[in-house]
Amino acid sequence: MQKQKLLINGERLMKELERFADYGRTENNGVTRLSLSEEDRRVRDYFRSCCEELGMSVKVDDMGCMYATLEGTENKPPILIGSHLDTVKKGGRFDGVLGVVTGLEVVRTLVENNIKPKIPITIVNFTNEEGARFEPSMMASGVLSGKFDKSVMLQKKDAEGTSFGEALKAIGYEGEVDNRLKEATAFLELHIEQGPILEKEALTIGVVECVVGMCCYEIEVTGESDHAGTTPMNMRKDALFATNNLINEIRQHLGSLDEELVFTIGRVNVYPSIHTVIPNKVIFTLEARHKDMEIVNSVKDFIHGLPQFAENEGCEIQTTKLWERDTVWFEPEICELFEQSAHSLGYTHKRMVSGAGHDAQFIASYVPTAMLFVPSINGKSHCEVELTSWEDCEKGVNVILDTVLSLLSK
């Protein structure tokens, strides 16, 4: 006879998620809790109190990341569970916080069932994942993994001119460099999908194999300004018309490369932006994302060839790379454990990729890491209507708990 699975308390999980949402809740039931704000300080204090009530020790590192640890019976690197507590302006109740509350619920379940873990369990809250107040996003995990320079990050300023370092001291969460995450047995991050795929396919669990690679370019089209009423059409060097031709060519070519390739022209600036003047310059961004870096490289090759584009209305084209990242693949063994847990719990699931960035992609550079997605209703996120059903949240946490138990039994 098969042993009954240990499950979390779904009602308690729901109440806790709503309790965390009270710190920065908006009129439309979203959340504004910018990194290192007063709302962030208060939710951190609450998170600390929840952990200490469970007998966990709480440490803070020099970037403000919080680590709450349930002691293990053996002196081994901890199993890490978590995400982030900061939000964008008028964000949702699930992005980031679900991963942190997952850790709380897993530990509560272990404690109430008198399970003393062999390996320590640590819940982590990474600072400034969103980058909504201080750019860039994933700032703290970027410093921890050596991707960003701490001295540069501390000087990053918000719209009011307050630096990250000043704000960190102001809320009382500047800890010690010795408290940084250095090693772990595994890092497990549960997150909402922030996209429509799981809901569209009527699936509950997404086992995330990777965070896709990407490239982002700025493209500048330069023509000549002339009078809009007196310059014949065949004598113009209209930068906006040239850009329109260029965008059509971009969409046609990139759209035929691979069906999983996604690309976006997210920002377009037209100069001088006067209705009586022919535009002499257009600057726009083009980013593309795919898990296969050969596809990303094909996009880059195409972009590098745009200055030779023939149908350019007599205008010049210049391309500048803004940034790029390689695909980050997660730990295969943990992905397999996720799949096994989802299957044993009877939850529908699939392997998938993440188009969005997460702290896990940086932490994966030195800790065995994997991510799990649960559905986002209508694919909505980073907005007040962001929603994931309580049932799906519960199932996602159950998969994390079951995976933790599997890791503890090894």
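In terms of modelled atom types and a separation under 3.5 Å, the side chain of Arg93 and the main chain of Thr388 share no donor-acceptor contact. Proximity of a side-chain donor or acceptor of Tyr173 to a complementary backbone N or O of Val60 within less than 3.5 Å is not detected. Judged purely by atom type and a 3.5 angstrom limit, Lys118 uses its side chain to pair as donor or acceptor with the backbone of Leu408. Of the possible donor and acceptor atoms, none in the side chain of Arg289 sits under 3.5 Å from a partner among the backbone N and O of Val212. Although no hydrogens or angles enter the test, the distance criterion places a donor-acceptor pair under 3.5 Å between the side chain of Thr32 and the main chain of Lys90. Between the Thr127 side chain and the Gly64 main chain, a donor and an acceptor come within less than 3.5 Å of each other.
In this structure, a donor-acceptor pair under 3.5 Å is present between the side chains of Glu386 and Ser381. In this model, no donor atom of one side chain and acceptor atom of the other lie less than 3.5 Å apart for Ser389 and Glu391. The closest side-chain donor-acceptor pair between Tyr67 and Asp61 falls under 3.5 angstrom. Between the side chains of Tyr347 and Asp392, no donor-acceptor pair of N or O atoms lies under 3.5 Å. Using modelled atom types and a 3.5 Å distance limit, the side chains of Glu193 and Ser376 yield no donor-acceptor pair. With 3.5 Å as the limit, one finds a donor-acceptor pair spanning the side chains of Ser151 and Asp149. There is no side-chain donor-acceptor pair under 3.5 Å between Asp359 and His84. Under the 3.5 Å distance criterion, with hydrogens and angles disregarded, a donor-acceptor pair is assigned to the side chains of Glu105 and Thr109.
Between Arg19 and Glu16 no salt bridge is recorded (no basic side-chain N to carboxylate O distance below 4.0 Å). Salt-bridge check for Lys281 with Glu220: passed, with a basic side-chain N closer than 4.0 Å to an acidic carboxylate O. Using a cutoff of 4.0 Å between basic side-chain nitrogens and carboxylate oxygens, Arg25 and Glu18 are scored as salt-bridged. In summary, Glu218 and Arg267 engage in a salt bridge, as defined by a charged side-chain N under 4.0 Å from a carboxylate O.
Within the 6.0 Å centre-distance limit, the rings of His304 and Tyr217 are counted as a close aromatic pair.
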**Study point:** Steps toward side-chain contact (heavy atoms from CB on, under 4.5 Å) verdict (Phe187, Ile79)
**Key:** CA-CA 6 Å; Phe187 173 43; Ile79 296 171; over 6 Å; no

Check your understanding: Yes or no on side-chain contact (heavy atoms from CB on, under 4.5 Å) for Leu372 and Leu188, after CA distance, side-chain angles and deciding distance?
Key -> CA-CA 8 Å; Leu372 205 65; Leu188 315 178; over 6 Å; no

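Among all heavy-atom pairs drawn from Pro375 and Leu203, the shortest one is CG-O, 3.3 Å.
Annotation: side chain of Ser344 is in contact with side chain of Asp402 (closest heavy-atom distance under 4.5 Å).
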